[in-house]
Novice: 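Below: one structure in structure tokens.
Letters A, B, ... are given to chains in the order of the sequence lines, protein chains preceding strands, and every chain is numbered from 1. Because the structure is a prediction, the values reported are computed rather than measured.
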Amino acid sequence: MTALFSRFGGGPDARKTVTFGDAAAVRSLPFWSLVSLIGIIVLWWAGTKPWGFPSDFQQAYEAKAAAEGDNITTRQMLIECGAAPDCDDSMYSQFLGPRTMASPIDTWRGFNVLRTDGFADHTLWEHSWISLWRVIRGMFFGILFGVPVGMAMGLSSRLRGLFDTPVELFRPIPPLGILPLFILWFGIGDPSAVRLLIFASVWIMIISARAGVGTVKLSKIRAAYSLGASKPQVLRRVILPNALPELFTGIRVALGVSWGTLVAAELVGAEAGLGSMIFRARNFFRLDVMLVGIIVIAVIGVLMDVFMRFLEARLIPWRGKG
Amino acid sequence: MKELKVSSVGMVYNVPKSDDVIALNDVSFELEAGRLLTLLGPSGCGKTTLLNILAGFLAPTSGTVELGGQQITKPGPDRGMVFQQGALFEWLSVEQNIAFGPKMNGASKSETKPMVEELLHTVGLAGFGDKQIYELSGGMQQRVALARCLANDPDVILMDEPLGALDALTREKMQGLILKLWQETGKTVILVTHSVEEALYLGDRLFVMAPRPGRIERDYNLPFAEIGLKVEPRELKASPDFIERREEILSLIWEMEEQIMGHGS
């Protein structure tokens, strides 16, 4: 709660007179994050809310206003005229029509239906889990292949030369560009999706592992040898833990890329999963289902990042200190 | 205890598209066990190169280095090294850092535990065993580095500007600690420093080194380290003998710097 009120200033930067341009004095105030979240929901609600009154209602209202004058409040008059909600949608003007955008209420209803009855043979949770499980498998193999290769590249000139060509050649290929080939080879659904995610994450993991090895201070390596460590011990006890911060950054980036790639891949190459759910909903004009899918994708993406940051704080507390 | 013997050591760096750099030229000396040797000189005089050769991190282009009759070719636990900073393992606690050497050589935790406790006490960090490295100040980190080095019970302790990153007050305290450890353990210590005062105060032998080519210019045997164990450091550093030596060495180094500047322009 105190964090919410930090918009009033305070903390170590409170007495700074030069803050414009001082990057350290700029941070994200939670209050304003909340304001923008509420703002987005309000805009969404307002944009999909029927505005204005139907014409016959307006006539009744004006007649009543003329007769009663100042003896009645506006609110009472509205109620007595039999307020708006029962009227036909077509009589309203609307910024975003029901064929363009689902309202928050409709989306909420859609969410509840998706939770219980589901859409396209699966409930919302099943779609989410199918997508998430694909990402988990893709990341697992991406890390499994990428980290040893990247570390080898950081440790041996011969292996660096050997792997440089494929890494530099394949890394710039957008994973989605290679999806048609994967569908051709492995069919739609899990087989091509998981392989695509390995392809999406493995280069990122190679680069980050290589960079992680590169960040180790020579004095640490020399100290370890001086203390009697063997080569495998230096690798396991010094180089690997020293590379953890870089590896974590790599995992976070790869996770974000994988998630985005997967949902796009599922639009064409899968019969289940969040991306495929959205795509099928489009065919039936189920805007509510599409919106629920989009929101769930966003929320899972944020949760994954929060989870990684939590892990990072637990596993590598020395990061950015000393 | 083992004697250190350096015979005609030379080190030449090949610089592409430029003249070769002679970092060390025909350096020879013998150092009996239990001495505290300080290496002093302007940058480029090869003092850190010499230390790295002694540690076994660099192979000299000519000459040999022997410790107790055994030629030095690679780093080993008989020669401990203390770096200026950043050589501690941040992912390990203070205790685990100190126990690193014995653990690499197969010691179990129950074996290292009492030794680590004793070392923590020796370097003045009793009760800090569970702390993380990044929770410690720079001076405390160097205390951990000293303890980690001592844990391996090396014959020689090599220090590469160990106090260079510390503030003046902490530095004086740490100088006292190094003298104390030297006396208590009786180990051979070789310490590289930029500070004339530090080199005089700590060294019972002192090499003033000169650049282009890197060599030993003067070899002093000094009384101050012995005195420093009994007398208050401030008092010692203010004594006429100390000041006289300091001025002598300072003017020597000034001359070298002037020559370098003249050479460069």
Novice: Given a strict heavy-atom distance threshold of 4.5 Å, which part of B/Asp78 is in contact with chain A: side chain, backbone, both, or neither?
Specialist: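 No part of it gets close to chain A.
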Novice: Please look at A/Arg237 and chain B and tell me whether the side chain, the backbone, both or neither of the residue comes under 4.5 angstrom of a heavy atom of that chain.
Specialist: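 Interface part for A/Arg237: both.
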Novice: Considering residues, nucleotides and ligands other than B/Lys103, do more than 12 of their heavy atoms fall under 6.0 Å from its NZ?
Specialist: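 Open: at most 12 neighbouring heavy atoms sit under 6.0 Å from NZ of B/Lys103.
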Novice: Heavy-atom distance under 4.5 Å between the side chains of B/Met81 and A/Tyr225, does that happen here?
Specialist: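 No - every pair of side-chain heavy atoms lies 4.5 Å or more apart.
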Novice: Does any part of the side chain of A/Asn242, heavy atoms only, come nearer than 4.5 Å to the side chain of B/Trp91, both counted from C-beta?
Specialist: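 Heavy-atom side-chain distance check passes, below 4.5 Å.
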Novice: Looking at B/Asn105 and A/Leu227, what are the two nearest heavy atoms and their distance?
Specialist: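 Smallest heavy-atom distance, with atoms named: ND2-O, 3.9 Å.
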Novice: Should we count CD of B/Gln70 as having more than 12 external heavy atoms under 6.0 Å?
Specialist: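 Atom CD in B/Gln70 is not packed in, count stays at 12 or less.
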Novice: Between A/Gly228, A/Ser226, A/Ala223, which has the largest tally of heavy atom pairs under 4.5 Å with chain B?
Specialist: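 Ranked by heavy-atom pairs under 4.5 Å with chain B, first place is A/Ser226.
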Novice: Between B/Phe100 and A/Val238, is any pair of side-chain heavy atoms under 4.5 Å apart?
Specialist: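 Side chain of B/Phe100 against side chain of A/Val238, heavy atoms only: contact under 4.5 Å found.
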Novice: Evaluate whether atom CD of B/Glu111 has more than 12 neighbouring non-hydrogen atoms of other residues, nucleotides or ligands under 6.0 angstrom away.
Specialist: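 Buried by this count: over 12 neighbours within 6.0 Å.
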Novice: With only heavy atoms counted, which part of B/Leu92 is less than 4.5 Å from chain A, the side chain, the backbone, both or neither?
Specialist: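 Interface part for B/Leu92: neither.
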Novice: Check this for me, if you would: do A/Lys220 and B/Glu90 make a salt bridge, where the nitrogen-to-carboxylate-oxygen distance has to be below 4.0 angstrom?
Specialist: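 Counted as a salt bridge, because a side-chain N and a carboxylate O are separated by less than 4.0 Å.
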Novice: Mind listing the closest non-hydrogen atom pair of A/Ser219 and B/Gly86 along with its distance?
Specialist: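 Reported closest heavy-atom pair: OG-O, 3.8 Å.
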Novice: Quick one: pull up CG in B/Leu88 and NZ in A/Lys217 and give me the separation to the nearest 0.5 Å.
Specialist: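 Spacing of CG (B/Leu88) from NZ (A/Lys217) equals 10.0 Å.
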